[in-house]
Structures are given as structure tokens and as C-alpha cells.
Student: 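The structure that follows is given in the form of C-alpha cells.
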Amino acid sequence: MSIQWYPGHMTKARRTIAESMPSQDVVIEVLDARMPLASENPVLAELRGQKPCIKVLNKSDLADPAVTTAWLRHFEAERAAPPDEAQRDASPGGKVLAIAISASQSSEARRRIPELCKRLAPPKAGPGKVVRAMIVGIPNVGKSTLINALMERKVAKVGDEPAVTKSQQLVTLKTGMAISDNPGILWPKIDDEAASFRLAVGGAIPDTAIDYQSVALFAAGYFLRRYPELLVARYKLKELPETAAALIEEIGRRRGCLRSGGSVDLHKASDILVHDFRAGRLGRISLEEPPGLESPSGIEESA
């Protein structure tokens, strides 16, 4: 599944971020902890250039904790490894720190993120000086939830679908730190098929732009390989289906998604599987692991 689109609000958001970037001291890029690599936007990496960055692995309460720990180690190792001269010239990005948080850890976010921003922008950390940080990320990774946690009150609209934030919003924290919240942007064309499916399963791409059954087949195949015990528990399966298609049919039968004549409504069954994942009803699941991490799951296989 290759996705190509050019929505107007994302073009405007990209321009706004580009215009605001020079005045920022730190970039806070919010990633989906269930798929940190797929939710890293290369356009944002290009726009931030050498600005220091905090990678916030949000929704960590929905992700496999062991895999999230591996991702934090991956980012730490990536930060510690000195680039060769060719990489130094060709690759964007200054200092990078990574943390994992969830919606239930608002106090942790309020404590750690300003601390990390001051570490990354020490000249602005003194008395009377203001650290300016920009929150960016793809749609539906929890940017507005994070800014509400930092402000200790609701200042940004949140929702469980992409493109809830429509324009840039500037706020000042109790610490005096200035934060700007920006609409989520996706890159114009996503050629990596596996990344496209992960983004679709996670809800970063509007449902109107995806084929639900194809997305559910990808998810079902992955869950069968990596988290079969969670499927058995959630859908009370007597035995594990052998294929992704058989799993979706079994979910449809067990949840009453039947057409006249007894055939399974595959769209409804697909909807149940995808939304069970997004809501965390299946359990804590990660959709990808760091490069090089050994796993029996066959995680890089596509559906």
C-alpha cells in the first residue's frame, strides 16, 4: 500500500513550521511508541536541521514495554555513535534525547520535558531567559494531549482521529518556557509499504484514505506472528487461525458480523480488529522493533 496525497492543511502546516523553526531552541517530536520509526517524519527532520530534538515516545502504555525499552536504547546508541564525515555533512539533526511517556504520566511529562529542553539549550536556561520549544509530529500521535499535560489544563483540542489540530498554538508554561503546538503533517508520498500499513493501523492516516480490509489483513498477520496469545484471550479463540483472512472471518463470526445467508461482513470484522488495537483492548502491542533486534516474530514481514 503506497499512499500519496497533498492535503491543503498539511501544506500550510509545513510552511508554518518552516517559518517558525529559526526562532526555536528545541524541537519536541512526538512519536507513536508502538511504531517509532514509521511515525518519524523525514520532512520534520529536514525542517529542524541541526536544532536539538527530544523524541517523545507517546502512548507507551499501549506499546509492548520490552520493545519500548529496546527503542529507547536504540535512540541512545544512535545519539552516542559519532557520525563519519559523510554522515555529518549529509544527515540533518543535532543532539537528540528520547523518553517514553503515556497519557497517564502527565506529571512525569511536566517534570522531564522542561528539564531535557534546558539540557539541550543551556544558553537559554539561565534566569530571565526563555527556552522556546516546538511540538511537532505526524497526525494522531498525541501532540495536543502532551501540551495539555504540560500546561496542566486543557488548552488544545484532542481526539482519536488525525488532523484535530488545525493551526499553530502558542502557550507559556508555569516555568516560563514557551511552547508552540502545530498540526500534524505527513510526508506527501509514503512509499514504504510496511510503514504505510503501520501508520494506517495506528490511526495516523484518515480512514477515508485507506482500504480497511487490506489494513486489517496486515494487522491480523502481524498479530498472529507476534502476539498470538493476546488474540486468543481477546476473542476467546479455541484454536489459533492459520491465516490472517481466517482470523478476520473468525472475529466476524464471534462478534455477529454476519450478512443475510450467514456470510461474514469482512469490513465490519476488519473495523473491530483495527479499533480494538487502537484502543488498547488487545493488550500492549508494538508494531515494529528497532533494526537489528532479534525476534522470532518475523516482524519485518509484510502481510
Side-chain angles (χ1 to χ4, degrees), residues 24-37 39-40 44 48 51-80 95-122 124-125 130-160 164-165 169-182 184 202-204 278-280 283-290:
Q24 304 301 308
D25 301 306
V26 180
V27 175
I28 301 170
E29 183 176 11
V30 183
L31 307 176
D32 189 325
R34 300 167 299 178
M35 46 176 178
L37 192 61
S39 58
E40 268 192 323
L44 293 173
R48 77 176 176 87
K51 295 282 183 184
C53 179
I54 300 172
K55 303 278 188 180
V56 177
L57 276 60
N58 199 23
K59 304 185 181 182
S60 62
D61 56 328
L62 300 177
D64 184 327
V67 177
T68 298
T69 298
W71 274 110
L72 292 174
R73 289 173 181 161
H74 168 78
F75 283 119
E76 183 67 20
E78 194 176 62
R79 178 177 71 89
K95 294 180 180 178
V96 175
L97 298 175
I99 63 171
I101 62 172
S102 67
S104 63
Q105 296 175 307
S106 55
S107 60
E108 182 78 355
R110 284 194 296 273
R111 180 181 67 83
R112 295 193 63 195
I113 289 178
E115 284 179 358
L116 294 176
C117 285
K118 288 179 180 179
R119 280 176 55 187
L120 290 173
K124 291 293 190 77
V130 176
V131 175
R132 299 182 181 278
M134 173 185 287
I135 295 180
V136 297
I138 67 171
N140 204 28
V141 289
K143 298 181 299 299
S144 295
T145 299
L146 176 60
I147 204 166
N148 288 341
L150 293 173
M151 286 294 290
E152 300 184 59
R153 58 189 174 90
K154 186 175 181 179
V155 294
K157 185 178 179 182
V158 299
D160 60 356
V164 171
T165 301
Q169 180 174 222
L170 303 174
V171 298
T172 302
L173 306 186
K174 288 181 178 179
T175 60
M177 184 173 152
I179 298 277
S180 65
D181 180 28
N182 295 269
R278 291 179 184 176
R284 299 182 68 173
I285 289 176
S286 292
L287 292 174
E288 61 182 352
E289 297 175 358

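We count residues from 1, following the sequence as given. Here the structure is a predicted model, which means the values were calculated and not measured. Below, all heavy atoms of this structure are taken into account, side chains as well, without hydrogens, waters or symmetry copies.
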Student: Any idea which heavy atoms bring Ala133 and Ile28 closest together, and the distance?
Tutor: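 Nearest heavy atoms, Ala133 then Ile28: CB-CD1, 3.9 Å.
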Student: With sequence neighbours excluded, tell me which residues meet side-chain contact (heavy atoms from CB on, under 4.5 Å) with Ala178.
Tutor: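 Partners of Ala178 under the side-chain contact (heavy atoms from CB on, under 4.5 Å) test: Val130, Arg132.
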Student: With a 3.5 Å distance limit and no angle check, can you tell me whether Asp25 reaches the backbone of Ala121 through a side-chain donor-acceptor pair?
Tutor: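 Flag not set: sc Asp25 to bb Ala121 has no pair under 3.5 Å.
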Student: Would you confirm whether Trp71, through its side chain, and Glu288, through its main-chain N or O, come within 3.5 Å as a donor-acceptor pair?
Tutor: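 Answer holds: yes.
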Student: Are Leu116 and Arg119 packed together at the side-chain level, in the sense that at least one heavy-atom pair is separated by less than 4.5 angstrom?
Tutor: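 Leu116 vs Arg119: side chains touch.
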Student: Once side-chain contact (heavy atoms from CB on, under 4.5 Å) is applied, do any residues pair with Ser106, and if so which ones, sequence neighbours excluded?
Tutor: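 Testing Ser106 for side-chain contact (heavy atoms from CB on, under 4.5 Å), a comparison that skips the adjacent residues, returns Arg110, Ala149.
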Student: Return the set of residues passing side-chain hydrogen bond (donor to acceptor under 3.5 Å, both in side chains) with Glu40 (not counting sequence neighbours), or none when no residue passes.
Tutor: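 Partners of Glu40 by the side-chain hydrogen bond (donor to acceptor under 3.5 Å, both in side chains) criterion, ordered by chain and then number, come out as Lys55.
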Student: For the side chain of Ser286 and the backbone of Asp64, is there at least one donor-acceptor N/O pair under 3.5 Å apart?
Tutor: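 Yes.
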Student: At their closest point, which heavy atom of Ile113 faces which heavy atom of Ile54, and how far apart are they?
Tutor: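 For Ile113 and Ile54, the tightest heavy-atom pair comes out as O-CD1, 4.0 Å.
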Student: Looking only at heavy atoms, what is the nearest atom pair of Leu287 and Met35, with distance?
Tutor: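 Closest pair (atom of Leu287, atom of Met35, distance): CD1-SD, 4.2 Å.
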Student: Just verifying a value: how many Å separate Asn58 CG and Ile99 CD1, rounded to the nearest 0.5 Å?
Tutor: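 That separation rounds to 9.0 Å.
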Student: Looking at every heavy atom in both Leu62 and Gly280, which two are closest together, and how far apart are they?
Tutor: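 Reported closest heavy-atom pair: CD2-CA, 3.8 Å.
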Student: Please name all residues satisfying side-chain contact (heavy atoms from CB on, under 4.5 Å) with Thr172, sequence neighbours left out, ordered by chain then number.
Tutor: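 In terms of side-chain contact (heavy atoms from CB on, under 4.5 Å), with neighbours along the sequence ignored, Thr172 is linked to no residue.
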Student: Whether Lys118 and Glu115 form a salt bridge (side-chain N of Lys/Arg under 4.0 Å from carboxylate O of Asp/Glu) is what I want to check.
Tutor: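 No salt bridge links Glu115 with Lys118.
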Student: Please list, chain by chain and in numerical order, all residues satisfying salt bridge (Lys or Arg N to Asp or Glu O under 4.0 Å) with Arg284, sequence neighbours excluded.
Tutor: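 Expected list: none.
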Student: Give me the atom names and distance for the closest heavy-atom approach of Gly184 to Lys143.
Tutor: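 Here Gly184 and Lys143 meet closest at CA-NZ, 3.5 Å.
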Student: Does Ser39 use its side chain to pair, donor to acceptor, with the backbone of Asp32 at less than 3.5 Å?
Tutor: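 Looks like yes, one N/O pair under 3.5 Å.
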Student: Give, for atom CD of Gln24 and atom CD1 of Ile179, the distance between the pair rounded to the nearest 0.5 Å.
Tutor: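 Output value for this atom pair is 8.5 Å.
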Student: Take Val30 and Thr145 through the test side chain to side chain contact (heavy atoms under 4.5 Å, CB included) and record every step on the way to the result.
Tutor: CA-CA 11 Å; Val30 183; Thr145 299; over 6 Å; no
Student: Can you tell me how far apart OG (Ser144) and CG (Asn182) are? Round to the nearest 0.5 Å.
Tutor: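 Reported value, rounded in 0.5 Å steps: 10.0 Å.
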Student: Is Lys59 reaching over with its side chain to a backbone N or O of Leu31, donor-acceptor style, under 3.5 angstrom?
Tutor: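 Checked: no pair found.
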Student: Is any side-chain heavy atom of His74 closer than 4.5 Å to a side-chain heavy atom of Pro36?
Tutor: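 Not touching, per the 4.5 Å side-chain cut-off.
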Student: With rounding to the nearest 0.5 angstrom, report the CE to CG distance, Met151 to Leu146.
Tutor: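 Between Met151 CE and Leu146 CG, I get 12.0 Å after rounding to 0.5 Å.
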Student: Suppose we screen for side-chain contact (heavy atoms from CB on, under 4.5 Å). Which residues come up paired with Arg73, at least two apart in sequence or across chains?
Tutor: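 For Arg73 the side-chain contact (heavy atoms from CB on, under 4.5 Å) partners, ignoring immediate neighbours, are Thr69.
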Student: For a quick test of reading the model, state the closest non-hydrogen atom pair linking Ala204 to Asn140 and the distance between them.
Tutor: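 Closest approach of Ala204 to Asn140: CA-CB, 4.4 Å.
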Student: Do Val141 and Glu29 have side chains that approach each other closer than 4.5 Å (heavy atoms only, starting at C-beta)?
Tutor: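 With C-beta onward as the side chain, the pair stays apart.
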Student: Any heavy-atom pair between the side chains of Val56 and Ile101 that's under 4.5 Å?
Tutor: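 Ile101 reaches Val56 side chain to side chain.
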